[in-house]
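Input: a single structure, listed below in structure tokens.
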Amino acid sequence: MELKNVYFSYENEPVINGFSLKLEGGRRVAVMGGSGKGKTTLLRLMLGLIAPDSGEVIIDAGERPSVVFQEDRLLSWFTAERNVEEVRREGSPEARELLRDMELEEAANKLPKELSGGMQRRVAIARALAFRGDPLLLDEPFKGLDPDLRERVAGVILKRAGNASILLITHDEREAELLRCEELIRL
Amino acid sequence: MKRLLKSRIFRKTAVFACWMLAWQAAAWAVGSDLLLPSPFVTARALVSLCGTGAFWLSCALTLLRVFTGFILGILAGSALGVLTAASPIAEELLSPIRSIVKAAPITSFIILVLLYLSSALTPMFIAFLMVMPIAWTNVAAGILSTDKQLLEMARVFGFSRAKTLKTVYAPSVLPHFVSACTAGLGFAWKSGVTAEVIAHPAFGMGKAIYESKLYLETPELFAWTAAVIIMSFALEKLITALLGRLAPWN
């Protein structure tokens, strides 16, 4: 995936100004910046949910990004396991296995409303890993997790993402270290 | 004792008994079965009616008309709901029909429909006409209120159109659909029986209500009304239970 000199404005207010980035070959990049700096807009551009005003978002044929949105976006009518299972692609680990990795095995049959905020977050991460997309786009994935858990979850992400490139959006530089990001971009 | 007071069945029974006592007291105060029959006299009239074939035939035909009208109204309303939610042009074009059906007095429709349909079909059509806009409004609202973030999630994770319909839209619309069914069923009964009162089909609960009033058989009038309420209540419970199986998360 590549962004070439991308511009995006919201209500005539420039949000992204000539942003360029190449995300391939297992590269891990962290994007940091305060609120309203366009971090989530950048992710939406990369997912093709919005189109840039100018510039290019190039996605190679067969390339499908996987994402942990800023919000969990779980289907409230399905159990945690079913939420993961619905997006699982052939060759991906079983939903139960991913939930076990996320220390959620006992919550597999529970509905999202029966889970704490941190547990829902981990279900969203497990779902992104079940899709096995490349790149893996993570918008504040550790929100609501305590420091110990962050470390363990980061380990699972690195293990399960394999050779996929990672783009991390965060406020916290330590999270970029947890995911061993090689580059840090400040917006 | 505390547990008994907390029991839902006990509370419901107590409330029912309370209202029966109030009715009985009012009947004693009035002192005439012709003006206000007591619960006991009404129950006796109902039991007596249950022993006649005409009662069961009237109940069966009214049930058939109301239920058919209800089902057709739900189907047509749901189809229109999907259509108008998907197409703003269809919404512009068809919304006046919905507004007219909602606003016009039911008796005007009954008299108008009697010009074109038989007295047996009119109650069914009226029930259909009353249920259709309810289903239409609710289904369209359900589709339009489907969480956009979930739709984006489905798109990003490559859900097919059919899968998005099944896993995102259908569960979002279902609570609205269930509301339409429960509200619509009540309207179907009220409008269907009212249409029978005016249309006079050969057999029907509405016609029997009208004739009881005509011949000043007030206990029978109350008994028929009680029968309508019991059947409406039973059908609502049945449909709610069936729909509850479709939406276990509710």
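Lettering follows sequence order; numbering is per chain, from 1. Bear in mind that the values here come from a model prediction, so they are computed numbers and not experimental data.
- Ion pairing between A:Arg96 and A:Glu105 fails under the 4.0 Å rule for side-chain N and carboxylate O.
- For B:Asn138, the side-chain contact (heavy atoms from CB on, under 4.5 Å) partners at least two apart in sequence or on another chain are B:His176, B:Ser179, B:Ala180.
- By the 4.5 Å heavy-atom criterion applied to side chains, B:Ile134 and B:Phe187 are counted as neighbours.
- Along residues 89-99 of chain B, no residue comes nearer than 4.5 angstrom to chain A, judged on non-hydrogen atoms.
- Taking 4.0 Å as the cut-off between side-chain N and carboxylate O, A:Lys143 and A:Glu140 do not count as a salt-bridged pair.
- Contact annotation for A:Arg89: neither backbone nor side-chain heavy atoms come within less than 4.5 Å of a heavy atom of chain B.
- Using a cutoff of 4.0 Å between basic side-chain nitrogens and carboxylate oxygens, A:Glu173 and A:Arg186 are scored as salt-bridged.
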List the atom pairs, donor and acceptor, that lie under 3.5 Å between side-chain atoms in residues 226-239 of chain B and the rest of the protein, sequence neighbours left out.
none

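- For a residue to count as touching a neighbouring chain, one of its non-hydrogen atoms must lie under 4.5 Å from one of that chain's; by this rule A:Arg64 touches chain B with the side chain only.
- Here the two rings, on B:Trp189 and B:Phe70, have centers that are 6.0 Å apart or farther.
- If you check the side chains of B:Thr167 and A:Glu86, you find no donor sitting under 3.5 Å from an acceptor.
- Contact residues of residues 145-163 of chain B toward chain A are B:Gln149, B:Leu150, B:Glu152, B:Met153, B:Arg155, B:Val156, B:Phe157, B:Gly158, B:Phe159, B:Lys163 (heavy-atom distance under 4.5 Å).
- Distance alone, capped at 3.5 Å, is enough to place a donor-acceptor pair between the A:Arg127 side chain and the A:Asp72 backbone.
- Judged by distance alone, the side chains of A:Thr40 and A:Asp139 do bring a donor and an acceptor atom under 3.5 Å apart.
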